Amino acid sequence: MMSEQSNPTAPTDTTVHELSPDGFTLLRRRRRVLRQLGMCVLVLVPWTVYLAISLPDRFEARHWPWVWVGFDVMLLVTLAGAGVALWLRRQVLVPLSFVAATLLLCDAWFDVSLSWGKADVWASAASAVLVEVPLAVLLITRARRVLKISLGLSWHRLGLAGDPPPLHKMPLFVALAPSRGNEAAMNRAEDA
């Protein structure tokens, strides 16, 4: 039987801590990702303004069926993947559910937006309200619930007191097997 700190993909007798980066590496990676995300936001704001000003009111797209078929295939793959992950009881259910929910919301947005002012807007709106948005909400709430259950189980297995904090207050990384200096480094990384 595997110990609670063992990583199932690691060689025997290797703990999660031995595979985890130290606090300084985590801090460096966190800062790099924050810079990258900040840069994306800074670039996206003027790009969005530019598109709002410059895009034509009408556009004829070649391969229009392939755009939607491709989109629906992506949606189908993520929904099927989430179903298989649920069937096999795998954690990959969580990201697949979030991706599928995002695609469903995008599908609803584009269906309604692109049919606005046409007779089929009501069918698109009904599809969005009755199918796509409720399914997206269901996927997100169930994925969140799986996260909370996994967090609670891990929290208690680690022998931590009380209940785990809510997801929005939970640190990104929690040291499973703190070592000399790693705990202080983790605290500094979280404070930065």
Side-chain angles (χ1 to χ4, degrees), residues 7-10 16 19-21 26 29-30 32-154 166-168 170 172-173:
N7 180 339
T9 61
V16 171
L19 298 174
S20 299
L26 290 174
R29 289 178 182 172
R30 178 176 177 251
R32 183 176 57 226
V33 171
L34 282 172
R35 280 193 305 270
Q36 292 167 344
L37 289 173
M39 193 60 135
C40 288
V41 169
L42 288 175
V43 169
L44 191 57
V45 168
W47 176 250
T48 304
V49 171
Y50 168 75
L51 289 177
I53 295 168
S54 66
L55 281 177
D57 289 339
R58 295 191 177 275
F59 179 77
E60 186 175 325
R62 296 179 188 172
H63 315 296
W64 187 247
W66 287 108
V67 170
W68 283 108
V69 169
F71 185 87
D72 286 342
V73 166
M74 288 187 289
L75 180 56
L76 176 68
V77 167
T78 57
L79 286 170
V84 169
L86 179 63
W87 177 265
L88 297 175
R89 298 183 178 133
R90 299 292 184 254
Q91 290 284 333
V92 73
L93 166 70
V94 173
L96 286 171
S97 294
F98 280 113
V99 170
T102 303
L103 290 174
L104 281 164
L105 294 173
C106 290
D107 195 19
W109 168 261
F110 284 113
D111 284 347
V112 172
S113 298
L114 293 173
S115 63
W116 197 259
K118 298 177 187 167
D120 59 348
V121 70
W122 296 111
S124 296
S127 173
V129 170
L130 299 174
V131 178
E132 294 158 336
V133 173
L135 183 54
V137 169
L138 177 70
L139 287 166
I140 290 169
T141 57
R142 291 302 175 192
R144 183 177 178 275
R145 181 76 180 135
V146 168
L147 278 174
K148 288 182 75 168
I149 290 170
S150 293
L151 176 61
L153 291 171
S154 297
L167 290 176
H168 71 278
M170 181 56 114
L172 187 57
F173 296 105

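All values below come from the heavy atoms of this structure, side chains included, with hydrogens, waters and symmetry mates left out. Note that the structure is a prediction, hence the values are computed from the model and not measured.
- Nearest heavy atom pair, residue A128 against residue V112, reads CB-CG2, 4.1 Å.
- Side-chain contact between R90 and V84 is absent, with no heavy-atom pair separated by less than 4.5 Å.
- We find the CG-CG distance between D107 and D72 to be 5.5 Å, quoted to the nearest 0.5 Å.
- Open room surrounds CH2 on W109; 12 or fewer heavy atoms of other groups in view lie less than 6.0 Å from it.
- V92 approaches A85 most closely through the heavy-atom pair CG1-CB, 3.5 Å.
- For the atom pair CG of L167 and CZ of R145, the computed distance is 10.5 Å after rounding to the nearest 0.5 Å.
- Going from atom CG of L135 over to atom CG of L130 covers 12.5 Å, rounded to the nearest 0.5 Å.
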| query | Between Q36 and V33, is a side chain to side chain contact (heavy atoms under 4.5 Å, CB included) present by the stated rule, with each step listed? | reply | CA-CA 5 Å; Q36 292 167 344; V33 171; 4.2 Å; yes

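- Rounded to the nearest 0.5 angstrom, L42 CG and L37 CG are separated by 11.0 Å.
- Residues V77 and M74 fail the side-chain proximity criterion, which asks for heavy atoms closer than 4.5 Å.
- What you find for A136 and L104 is that their closest heavy atoms are N-CD1, 3.8 Å.
- Minimum heavy-atom separation, T78 to L75: OG1-O, 2.9 Å.
- Here the straight-line distance linking atom CG of D111 with atom CD of E132 works out to 5.0 Å at 0.5 Å rounding.
- The two residues S150 and Q91 make their nearest non-hydrogen contact at OG-NE2, 2.7 Å.
- The CD1 atom of I149 sits 12.0 Å away from atom OG of S154, with the distance rounded to the nearest 0.5 Å.
- Closest approach of A100 and L139 over heavy atoms only: CB-CD1, 3.9 Å.
- At most 12 heavy atoms of other shown residues, nucleotides or ligands fall within 6.0 angstrom of atom CZ in F110.
- Looking only at distances, a side-chain donor or acceptor of T102 sits under 3.5 Å from a matching main-chain atom of F98.
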